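The following block contains the structure, expressed as structure tokens.
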Amino acid sequence: MLLHIPRGSDILDVGCGGGRPVLTSMGQVTGLEPIAALASQARQIYPKVVEGVAEKMPFPDGQFDAVVTTDILGHIPFAIKDAVASEMFRVLRPG
């Protein structure tokens with residue numbers, strides 16, 4: 001995993017699964033996960049995990065410095081891929 005995220009960033013991990021410890025060294029991580037059991041596992045790593053779906057994120061516009069995802073885009077139905085991408089951009093801070 002190669003990431004260029006400045007230290008201290010507010011990071012959203014979409015479809016966080018059980019969490020990714022490497023992200024916690026980069027900043028404050030919030031996980032978004034639709035599966036309750038995986039969200040529970042991620043809470044062992046991330047300070048905040050929200051159960052929700054990527055096509056309708058429960059966050060305000062511009063809340064995060066970075067949005068990351070690993071291996072979920074292939075699992076998202078084609079009909080909602082544009083909505084997921086739009087949501088990822090919506091929750092990013094400008095710049």
Side-chain angles (χ1 to χ4, degrees):
M1 179 185 309
L2 178 61
L3 298 173
H4 297 285
I5 299 173
R7 297 244 185 258
S9 294
D10 289 319
I11 304 165
L12 175 63
D13 185 358
V14 178
C16 67
R20 291 161 190 78
V22 68
L23 290 177
T24 61
S25 67
M26 297 176 186
Q28 182 75 18
V29 182
T30 299
L32 178 67
E33 176 57 50
I35 300 169
L38 292 175
S40 179
Q41 289 176 11
R43 288 185 182 99
Q44 304 302 308
I45 298 171
Y46 296 159
K48 182 177 180 185
V49 178
V50 175
E51 289 182 39
V53 295
E55 67 271 22
K56 189 170 176 143
M57 295 185 194
F59 307 110
D61 295 355
Q63 182 173 339
F64 300 99
D65 298 310
V67 175
V68 298
T69 187
T70 304
D71 195 35
I72 69 155
L73 296 177
H75 300 283
I76 294 173
F78 184 78
I80 62 169
K81 283 188 190 284
D82 285 347
V84 171
S86 292
E87 282 292 276
M88 288 180 177
F89 283 106
R90 181 186 66 76
V91 300
L92 279 172
R93 286 191 180 108

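As the structure is a computational prediction, the values presented were derived from the model and not from experiment. No hydrogens, no waters, no symmetry mates; every other heavy atom, side chains included, goes into these values.
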Note to self: Is it the case that the side chain of Lys48 and the backbone of Val29 share a donor-acceptor pair, with hydrogens and angles ignored and the cut-off at 3.5 Å?
What the structure shows: no
Margin query: Nearest 0.5 Å, please: how far is CG in Leu92 from CZ in Arg90?
Written below: 10.0 Å
Item checked: Distance (rounded to the nearest 0.5 Å) between Asp10 CG and Phe59 CZ ->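 Output value for this atom pair is 11.5 Å.
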Margin query: Is there a path of hydrophobic side-chain contacts, each under 4.5 Å between heavy atoms, that joins Ile76 and Val67?
Written below: yes
Margin query: Using the rule that Ile, Leu, Val, Met, Phe, Trp and Tyr join whenever any side-chain heavy atoms are under 4.5 Å apart, tell me whether Val53 and Val91 fall into a single cluster.
Written below: no
Margin query: Check whether Ser40 reaches the backbone of Ala36 with its side chain - one donor and one acceptor, N or O, closer than 3.5 Å.
Written below: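 Answer holds: no.
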Check: Should Ile45 and Ile35 be regarded as members of a common hydrophobic cluster, given that ILVMFWY residues are connected when their side-chain heavy atoms come within less than 4.5 Å of each other, either directly or indirectly?
Finding: no
Checklist line | Residues Glu33 and Arg43 bridged, charged N to O under 4.0 Å | finding: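 Salt bridge absent between Glu33 and Arg43.
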Margin query: Quick one, Thr69 and Val84 - any side-chain contact, counting heavy atoms below 4.5 Å?
Written below: no
Checklist line | Other residues, nucleotides, ligands: >12 heavy atoms within 6.0 Å of Asp61 CG | finding: yes
Check: Are any of the side-chain heavy atoms of Val68 and Val14 separated by less than 4.5 Å?
Finding: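 A side-chain contact under 4.5 Å is absent here.
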Notebook entry, point to check: Of the non-hydrogen atoms in Glu51 and Ala39, which two are nearest, and what is the gap between them?
Noted result: CG-CB, 3.7 Å
Margin query: Keeping Tyr46 on the side-chain end and Arg20 on the backbone end, is there a donor-acceptor pair under 3.5 Å?
Written below: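 At least one qualifying donor-acceptor pair exists.
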Notebook entry, point to check: Can you tell which of Leu23, Asp65, Leu32 makes a side chain to side chain contact (heavy atoms under 4.5 Å, CB included) with Leu12?
Noted result: Leu32
Next item on the list: Using a 4.5 Å cut-off on heavy atoms from C-beta on, say whether the side chain of Pro6 contacts that of Met26.
Entry: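 Side chain of Met26 against side chain of Pro6, heavy atoms only: no contact under 4.5 Å found.
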Next item on the list: Say whether, by atom type as modelled, one donor and one acceptor occur between the side chain of Arg93 and the main chain of Gln63 under 3.5 angstrom.
Entry: yes
Notebook entry, point to check: For the hydrophobic clusters of this structure (ILVMFWY residues joined by side-chain heavy atoms under 4.5 Å, transitively), does one cluster hold both Ile11 and Met57?
Noted result: no
Next item on the list: State whether the side chain of Arg7 and the backbone N or O of Ser25 hold a donor-acceptor pair below 3.5 Å, judged by distance alone.
Entry: yes
Note to self: Donor-acceptor check, side chain of Glu55 to backbone of Ala83, threshold 3.5 angstrom: yes or no?
What the structure shows: no
Notebook entry, point to check: With side chains defined as the heavy atoms from C-beta onward, is the minimum distance between Leu38 and Cys16 less than 4.5 Å?
Noted result: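 In short, these two side chains do not touch, never coming nearer than 4.5 Å.
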